[in-house]
Novice: 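Take this structure, written in structure tokens, and hold onto it; I'll ask about it next.
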Amino acid sequence: MSLIGIDIGSSAVKAVAYRESGSVLAHALEAAPSLHPAPGLSEIDADAVWRATVRAIRRLTSSPRLRHDPPAALAVSASGRESFPARADGSALGPCLRTADGRRPASEAAAILPRSREQWIRACGHVPDHRDPTNRLLWWREQAPRTLERARWFLGWHELASLRLIGRPVVDPALASGFLLFDLATGDWSTERLAALDLDGRLLPEVVPWATPLDRLRPRAARELGLPSRCRLVVGSWDGSCAAVGSAVVEEGDALVSVGTWESVVAPVA
């Protein structure tokens with residue numbers, strides 16, 4: 001039995017297959033460069049990112065090593081600050097605003113819902129930032145309300161992958177916390193904060209704990225990707241969290257320094 005990890009990041013999609021022992025069977029990379037229509041703007045066609053994801057997985061599954069050791073499960077790590085309005089099938093209604101994009105709503109969520117940094121940490125596990133998905137959602141409502149009215153979902157990369165692969169968008173608490181709408185106490189979306197921002201919670205994915213085994217891939221998706229029908233999707237997480245766990249940075253006092261398109265430090269705390 002082999003396992004597949006997919007990383008949908010800020011500049012590329014990477015796919016790696018591992019034996020249960022942890023040794024690498026095969027790997028693939030597909031570029032997904034940003035578009036810059038004007039100074040300070042950074043975006044990408046979300047449908048193009050999904051096509052890059054499909055190509056990366058197909059390159060992976062074409063390896064003879066995987067044919068001899070078929071994948072039993074697949075999980076996704078994803079950038080947590082890239083989101084877009086989508087139709088019911090996950091196809092994009094507009095560009096995905098990249099992490100580096102400077103667009104922001106006239107009134108950000110943290111200004112509408114004033115709290116201290118400590119209160120935000122207790123509320124959702126995250127300190128507000130203008131690039132958070134909730135602020136992107138507010139921006140779409142301000143700038144393109146008709147587009148948002150047509151949307152069935154507001155998706156990030158993990159949610160898109162789960163929707164395409166098993167038919168329902170899911171997100172783990174680490175990725176959900178960045179929305180500012182996540183309630184750390186209940187493990188679900190805050191009805192109070194949704195109401196205060198006048199946002200429709202039906203646009204948001206289901207919150208499911210990290211590492212939860214979900215459904216088998218839909219037959220059509222499995223065929224498209226060259227994966228066995230018994231392959232299951234397992235709930236992934238924010239790419240920084242996944243990198244920390246993969247690097248054995250799981251105890252207080254350890255830290256992961258990640259250097260790529262972005263530089264970040266991940267430090268487990270009690």
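All values below were derived from every heavy atom in this structure, side-chain atoms included, with hydrogens, water molecules and symmetry-related copies excluded.
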Novice: Ignoring hydrogens and angles, state whether a donor on the side chain of D89 or S91 is under 3.5 Å from an acceptor on the partner side chain.
Specialist: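 The criterion, which ignores hydrogens and geometry beyond distance, is satisfied for S91 and D89.
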
Novice: According to a 4.5 Å side-chain heavy-atom criterion applied to Ile, Leu, Val, Met, Phe, Trp and Tyr, with indirect links allowed, do W153 and L175 form part of one hydrophobic cluster?
Specialist: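 Unlinked, W153 and L175 end up in two clusters.
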
Novice: What are the two closest non-hydrogen atoms of L113 and A196, and how far apart are they?
Specialist: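 Answer, listing the atom of L113 first, then A196: CD2-CB, 3.3 Å.
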
Novice: Is there a donor-acceptor contact under 3.5 Å from the side chain of S63 to the main chain of R65?
Specialist: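 Here the side-chain-to-backbone pair exists.
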
Novice: Whether the side chain of S162 engages the backbone of V170 through a donor-acceptor N/O pair (distance < 3.5 Å, no angle test) should be reported.
Specialist: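 Such a contact is found between S162 side chain and V170 backbone.
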
Novice: Can you tell me how far apart CD (E224) and CZ (R218) are? Round to the nearest 0.5 Å.
Specialist: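 Between E224 CD and R218 CZ, I get 10.0 Å after rounding to 0.5 Å.
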
Novice: Looking at H130, I want to see if its NE2 is surrounded by more than 12 non-hydrogen atoms of other residues, nucleotides or ligands under 6.0 Å.
Specialist: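 Yes, NE2 of H130 has more than 12 neighbouring heavy atoms, counting only those of other groups under 6.0 Å.
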
Novice: Report the C-alpha distance between E43 and R103 in whole Å, list the side-chain angles of each, state the deciding distance to 0.1 Å, and finish with yes or no for side-chain contact (heavy atoms from CB on, under 4.5 Å).
Specialist: CA-CA 10 Å; E43 62 184 43; R103 281 169 279 202; 2.9 Å; yes

Novice: Quick one: does any side-chain atom of N135 pair with a main-chain N or O of R104 as donor and acceptor, under 3.5 Å?
Specialist: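 Here the side-chain-to-backbone pair does not exist.
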
Novice: Checking the side chain of S247 only, and the main-chain atoms of A243 only, is there a donor and an acceptor separated by less than 3.5 Å?
Specialist: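 Checking the backbone N and O of A243 against the side chain of S247, a donor-acceptor pair under 3.5 Å is found.
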
Novice: With sequence neighbours left out, which residue pairs that include part of residues 57-103 fulfil the ring pair (Phe, Tyr, Trp, His ring centres under 6.0 Å) condition?
Specialist: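 Non-adjacent pairs meeting ring pair (Phe, Tyr, Trp, His ring centres under 6.0 Å): F84-W157.
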
Novice: Backbone N or O of E108 within a donor-acceptor pair of the W139 side chain at under 3.5 Å?
Specialist: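 Absent.
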
Novice: Answer whether the closest heavy-atom distance between the side chains of L217 and L233 falls below 4.5 Å.
Specialist: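 Yes. Closest side-chain heavy atoms under 4.5 Å.
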
Novice: Tell me, do L214 and R232 make a side-chain contact under 4.5 Å, heavy atoms counted?
Specialist: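 No, too far: nothing below the 4.5 Å cut-off.
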
Novice: Any side-chain to backbone donor/acceptor pair from R230 onto R216? Under 3.5 Å, distance only.
Specialist: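 Looks like no, no N/O pair under 3.5 Å.
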
Novice: Between P228 and A222, what is the shortest heavy-atom contact and its length?
Specialist: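 Reported closest heavy-atom pair: O-CB, 4.2 Å.
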
Novice: Rounded to the nearest 0.5 Å, what's the gap from NE2 on H126 to CG on L181? Could you check?
Specialist: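 With rounding to 0.5 Å, NE2 (H126) is 11.0 Å from CG (L181).
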
Novice: For R19, I'd like to know if atom CZ has over 12 heavy atoms of other residues, nucleotides or ligands within 6.0 Å.
Specialist: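 Enclosed.
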
Novice: Give me the one residue out of S34, S11, S42 that meets side chain to side chain donor-acceptor pair (under 3.5 Å) with R98.
Specialist: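 In the set S34, S11, S42, the residue that makes a side chain to side chain donor-acceptor pair (under 3.5 Å) with R98 is S34.
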
Novice: Is there side-chain contact between V266 and W238, with heavy atoms separated by less than 4.5 Å?
Specialist: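 Side-chain contact under 4.5 Å: yes.
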
Novice: Ignoring hydrogens and angles, state whether a donor on the side chain of D7 or S77 is under 3.5 Å from an acceptor on the partner side chain.
Specialist: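 Side chains of D7 and S77: pair found under 3.5 Å.
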
Novice: At what distance, to the nearest 0.5 angstrom, does CH2 of W189 lie from CG of L199?
Specialist: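 Separation between the atoms: 11.0 Å.
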
Novice: If you count the non-hydrogen atoms of other residues, nucleotides and ligands that lie under 6.0 Å from CZ in R220, is the total more than 12?
Specialist: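 Open: at most 12 neighbouring heavy atoms sit under 6.0 Å from CZ of R220.
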
Novice: With heavy-atom distances below 4.5 Å as the criterion, would you say the side chains of S177 and L184 are in contact?
Specialist: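 They are not in contact (no side-chain heavy atoms under 4.5 Å apart), so the answer is no.
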
Novice: With a 6.0 Å cut-off (strictly less than), is the heavy-atom count around CD of E192, excluding the residue itself, greater than 12?
Specialist: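 12 or below, so no.
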
Novice: Is the shortest side-chain heavy-atom distance between E30 and R59 below 4.5 Å?
Specialist: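 Yes. Closest side-chain heavy atoms under 4.5 Å.
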
Novice: Can you tell me how far apart CZ (R115) and CZ (R122) are? Round to the nearest 0.5 Å.
Specialist: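 If I round to the nearest 0.5 Å, the distance is 10.5 Å.
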
Novice: Out of curiosity, does V76 fall in the hydrophobic cluster containing I166 (side-chain heavy atoms, cut-off under 4.5 Å, transitive links)?
Specialist: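 Yes, I166 connects to V76 through the hydrophobic network.
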
Novice: Check whether any side-chain heavy atom of C96 lies under 4.5 Å from a side-chain heavy atom of V49, and answer yes or no.
Specialist: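 No - every pair of side-chain heavy atoms lies 4.5 Å or more apart.
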
Novice: Go through the steps to decide whether L41 and H36 satisfy the test side-chain contact (heavy atoms from CB on, under 4.5 Å), and finish with yes or no.
Specialist: CA-CA 5 Å; L41 304 187; H36 304 281; 5.9 Å; no

Novice: Taking M1's backbone N and O only, do any of them form a donor-acceptor pair with D69's side chain (distance below 3.5 Å, no angle check)?
Specialist: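 It does hold such a pair.
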
Novice: Would you say that I4 contacts L66 through its side chain, given a criterion of any heavy-atom pair below 4.5 Å between the two side chains?
Specialist: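 Heavy-atom side-chain distance check passes, below 4.5 Å.
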
Novice: Can you see which heavy atom on T99 is nearest to which on S79, and at what distance?
Specialist: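 For T99 and S79, the tightest heavy-atom pair comes out as OG1-OG, 3.6 Å.
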
Novice: Quick one: CZ on R55 to CG on L225, what's the gap to the nearest 0.5 Å?
Specialist: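 If I round to the nearest 0.5 Å, the distance is 12.5 Å.
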
Novice: Between W50 and L74, is there shared hydrophobic-cluster membership here, with clusters defined by ILVMFWY side-chain heavy atoms closer than 4.5 Å?
Specialist: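 Cluster IDs for W50 and L74 match.
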
Novice: For L160 and A46, work out which heavy atoms get closest and say how close.
Specialist: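 Scanning both residues, the minimum pair turns out to be CD2-O, 4.3 Å.
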
Novice: Could you tell me whether the side chain of R141 and the main chain of L148 form a donor-acceptor pair under 3.5 Å?
Specialist: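 No, R141 side chain to L148 backbone: no donor-acceptor pair under 3.5 Å.
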
Novice: Other residues, nucleotides and ligands only: do more than 12 of their heavy atoms fall within 6.0 Å of CD on E263?
Specialist: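 Correct, the count exceeds 12.
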
Novice: Give a yes or no on whether W210 atom CH2 has more than 12 heavy-atom contacts from other residues, nucleotides or ligands under 6.0 Å away.
Specialist: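 Incorrect, the count does not exceed 12.
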
Novice: Could you check if a side-chain atom of V235 sits within less than 4.5 angstrom of a side-chain atom of H158, using non-hydrogen atoms only?
Specialist: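 SC-SC contact between V235 and H158 confirmed.
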
Novice: Quick check: closest heavy atoms across P33 and I44, and the distance to 0.1 Å?
Specialist: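 For P33 and I44, the tightest heavy-atom pair comes out as O-CD1, 3.3 Å.
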
Novice: Under 4.5 Å between side-chain heavy atoms, hopping through other hydrophobics if needed: is there a path connecting V54 to L60?
Specialist: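 Looking at the clustering, L60 is in the same group as V54.
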
Novice: So, S83 and R136: side-chain donor and acceptor under 3.5 Å apart, yes or no?
Specialist: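 R136 and S83 do not have a side-chain donor-acceptor pair below 3.5 Å.
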
Novice: Please answer whether the main-chain N or O of R58 pairs with a side-chain N or O of T61 as donor and acceptor at a distance below 3.5 Å.
Specialist: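 Yes, T61 side chain to R58 backbone: donor-acceptor pair under 3.5 Å.
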
Novice: Supply the atom-to-atom distance L203 CG to R152 CZ, rounded to the nearest 0.5 angstrom.
Specialist: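 Rounded to the nearest 0.5 Å, the CG-CZ separation comes out at 7.5 Å.
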
Novice: Just to verify, which of T53, V16, L165 counts as forming a side-chain contact (heavy atoms from CB on, under 4.5 Å) with I6?
Specialist: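 Of the listed options, the one satisfying the test is T53.
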
Novice: Closest approach of G90 and D47, non-hydrogen atoms and distance?
Specialist: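 Minimum heavy-atom contact is O-OD1, 4.3 Å.
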
Novice: Looking at A106, is its backbone amide N or carbonyl O close enough to the side chain of E142 to form a donor-acceptor pair, meaning the two atoms are under 3.5 Å apart?
Specialist: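 Side chain of E142 to backbone of A106, a donor-acceptor pair under 3.5 Å: yes, one is there.
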
Novice: Please tell me whether V13 and L155 are part of a single hydrophobic cluster in this structure, the criterion being side-chain heavy atoms less than 4.5 Å apart.
Specialist: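 They do share one cluster, since a chain of ILVMFWY contacts under 4.5 Å joins V13 to L155.
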
